[in-house]
Amino acid sequence: MPSASDPVTHLIGGAVSGFCACVFVQPLDLIKTRLQQQQQAHLAFIKQGGQTGLTIAPLESTIWKTVFGIIKEGSVLSLWRGTAPTIVRNVPGAAMYFTVLNEARTLLARRKINSSGLEKADINNASGSALPKLSNTENLIAGGASRAAIGFVMMPATVIKVRYESNLYNYKSMSGAFTSIFRTEGIRGLWAGFGATAMRDAPLAGLYVLFYEQAKTHLGNLRATSSIFDVSTPTIHMVAGVTAGFFSTVLTHPFDMLKTRMQLKPAEYKNVLQAARKVLMEEGAIGFLDGILVRTVRKSIHSAISWTVYEEVVRWHVSRKADHLV
């Protein structure tokens with residue numbers, strides 16, 4: 001059986017999955033950014049009233065009002081505003097992440113094999129997964145470390161994406177956004193919010209891989225032991241992706257909220273601790289849940305699509321190589 005550890009295979013699989021997922025869920029990403037932005041404006045009006053120069057309170061940050069407001073800016077296609085920087089960030093980001101993750105997991109699996117004397121064939125489990133089978137702790141470490149490393153490399157694209165989606169900045173192009181940020185904030189501005197991003201992404205990725213592999217294992221065992229639960233492997237990957245996306249997103253949402261605010265208003269939210277204190281003082285603990293509904297739905301769908309597509313691309317490539325060897 002051909003190995004699934006070829007880096008090029010995972011690079012291609014990650015790129016394809018990243019493209020499919022970001023195009024499909026971009027409207028939810030835009031809505032999430034606008035909801036958090038509107039909530040800030042509404043709370044600022046309540047707190048400062050007329051001193052802020054506002055005479056009409058901003059609209060309450062509801063999902064439907066936000067959707068219709070975005071559409072009024074142009075057309076339904078306005079919901080895909082920011083797709084270009086999202087693709088620039090997500091496609092190479094997903095490609096690098098899945099490649100680095102596979103290399104990290106393969107390395108950990110081989111160390112386990114060398115120390116325990118297991119057979120080499122055990123590196124790839126029999127559940128149809130494109131990833132080696134590891135313990136929960138190893139899944140946390142591999143997922144978190146891989147995501148933090150790739151997050152640092154892709155941080156400038158993330159900052160540009162968030163600001164391009166927001167209506168606080170009148171950027172006309174990605175190059176214009178890059179130039180504006182560099183001129184006004186320097187090189188440091190391109191990494192605004194990285195602390196909160198790393199604190200969100202590393203646990204999120206680690207927890208996601210852990211929950212994903214656990215859900216996939218349980219669903220695979222259920223399929224093997226139950227005649228009623230007779231579903232395809234992609235369906236198992238999709239359900240596992242939604243489940244893992246939901247739980248990992250809920251647990252790490254406060255850091256996403258802080259990250260978004262630090263990137264939209266770096267002058268007000270200067271670092272993670274100061275931003276967290278500011279939110280707690282002005283909005284209370286509930287402020288850390290701002291935008292959680294849209295983000296949870298968006299992340300669950302995004303994860304299910306990207307991981308299902310990724311695993312299927314890798315499985316297809318491996319089976320294709322096997323056919324050529326016959």
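Values reported hereafter were calculated over all heavy atoms of this structure, with side chains retained and with hydrogens, waters and symmetry mates removed.
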Check whether any side-chain heavy atom of [X] sits under 4.5 Å from a side-chain heavy atom of [Y], and report yes or no.
{"X": "Arg261", "Y": "Lys278", "result": "no"}
{"X": "Lys299", "Y": "Asp256", "result": "no"}
{"X": "Ile70", "Y": "Arg81", "result": "no"}
{"X": "Val313", "Y": "His317", "result": "no"}
{"X": "Thr296", "Y": "Phe246", "result": "yes"}
{"X": "Thr233", "Y": "Arg315", "result": "yes"}

When rounded to the nearest 0.5 angstrom, what distance separates [atom1] in [X] from [atom2] in [Y]?
{"X": "Asn139", "Y": "Leu134", "atom1": "CG", "atom2": "CG", "result": "5.0 Å"}
{"X": "Ser17", "Y": "Glu311", "atom1": "OG", "atom2": "CD", "result": "10.0 Å"}
{"X": "His253", "Y": "Ile292", "atom1": "NE2", "atom2": "CD1", "result": "5.0 Å"}
{"X": "Arg105", "Y": "Arg110", "atom1": "CZ", "atom2": "CZ", "result": "13.5 Å"}
{"X": "Met154", "Y": "Arg147", "atom1": "CE", "atom2": "CZ", "result": "10.0 Å"}
{"X": "Ile187", "Y": "Ile181", "atom1": "CD1", "atom2": "CD1", "result": "10.5 Å"}

The ring-ring contact (aromatic ring centres under 6.0 Å, His included) partners of Phe247 (sequence neighbours excluded) come to none
Contacts of Tyr208 meeting ring-ring contact (aromatic ring centres under 6.0 Å, His included) (sequence neighbours excluded), chain-then-number -> Tyr212, Trp307
Main-chain N/O of [Y] paired to [X] side chain as donor or acceptor, under 3.5 Å:
{"X": "Arg295", "Y": "Thr249", "value": "yes"}
{"X": "Arg223", "Y": "Val231", "value": "yes"}
{"X": "Ser146", "Y": "Tyr97", "value": "no"}
{"X": "Ser306", "Y": "Ser303", "value": "yes"}
{"X": "Asn221", "Y": "Thr217", "value": "yes"}

Would [X] and [Y] show up in the same hydrophobic cluster when neighbours are defined by side-chain heavy atoms closer than 4.5 Å?
{"X": "Leu28", "Y": "Val242", "answer": "no"}
{"X": "Phe255", "Y": "Leu204", "answer": "no"}
{"X": "Leu280", "Y": "Met199", "answer": "yes"}
{"X": "Val16", "Y": "Leu11", "answer": "no"}
{"X": "Met238", "Y": "Ile301", "answer": "no"}

So ring pair (Phe, Tyr, Trp, His ring centres under 6.0 Å) across residues 271-291, not counting sequence neighbours, yields none
Heavy atoms only: give me the nearest [X]-[Y] pair and the separation to one decimal.
{"X": "Met262", "Y": "Tyr269", "value": "CG-O, 3.6 Å"}
{"X": "Pro7", "Y": "Glu103", "value": "CG-OE2, 3.5 Å"}
{"X": "Gly245", "Y": "Ser300", "value": "C-OG, 3.6 Å"}
{"X": "Ala94", "Y": "Gly14", "value": "CB-O, 3.3 Å"}
{"X": "Glu138", "Y": "Leu108", "value": "O-CD1, 3.9 Å"}

Report the residues that fulfil side-chain contact (heavy atoms from CB on, under 4.5 Å) with [X], sequence neighbours left out, ordered by chain and then residue number.
{"X": "Phe178", "value": "Ile160, Leu190"}
{"X": "Leu207", "value": "Leu140, Phe211, Ser248, Leu251, Thr252"}
{"X": "Ile87", "value": "Phe19, Cys22, Val23, Thr83, Val91"}
{"X": "Arg277", "value": "Leu273, Gln274"}

In sequence, state the C-alpha distance, the side-chain angles, and the governing distance for Thr158 and Phe194, and then conclude on side-chain contact (heavy atoms from CB on, under 4.5 Å). CA-CA 10 Å; Thr158 301; Phe194 174 71; over 6 Å; no
With sequence neighbours left out, write down each residue that passes side-chain hydrogen bond (donor to acceptor under 3.5 Å, both in side chains) with [X], or none if nothing qualifies.
{"X": "Ser232", "result": "Thr235"}
{"X": "Asn271", "result": "none"}
{"X": "Asp201", "result": "none"}
{"X": "Ser78", "result": "none"}

Would you say the ring centers of His302 and Phe24 fall short of 6.0 Å from each other?
no
Here the side chain to side chain donor-acceptor pair (under 3.5 Å) pairs for residues 183-194, sequence neighbours left out, are Arg163-Glu185
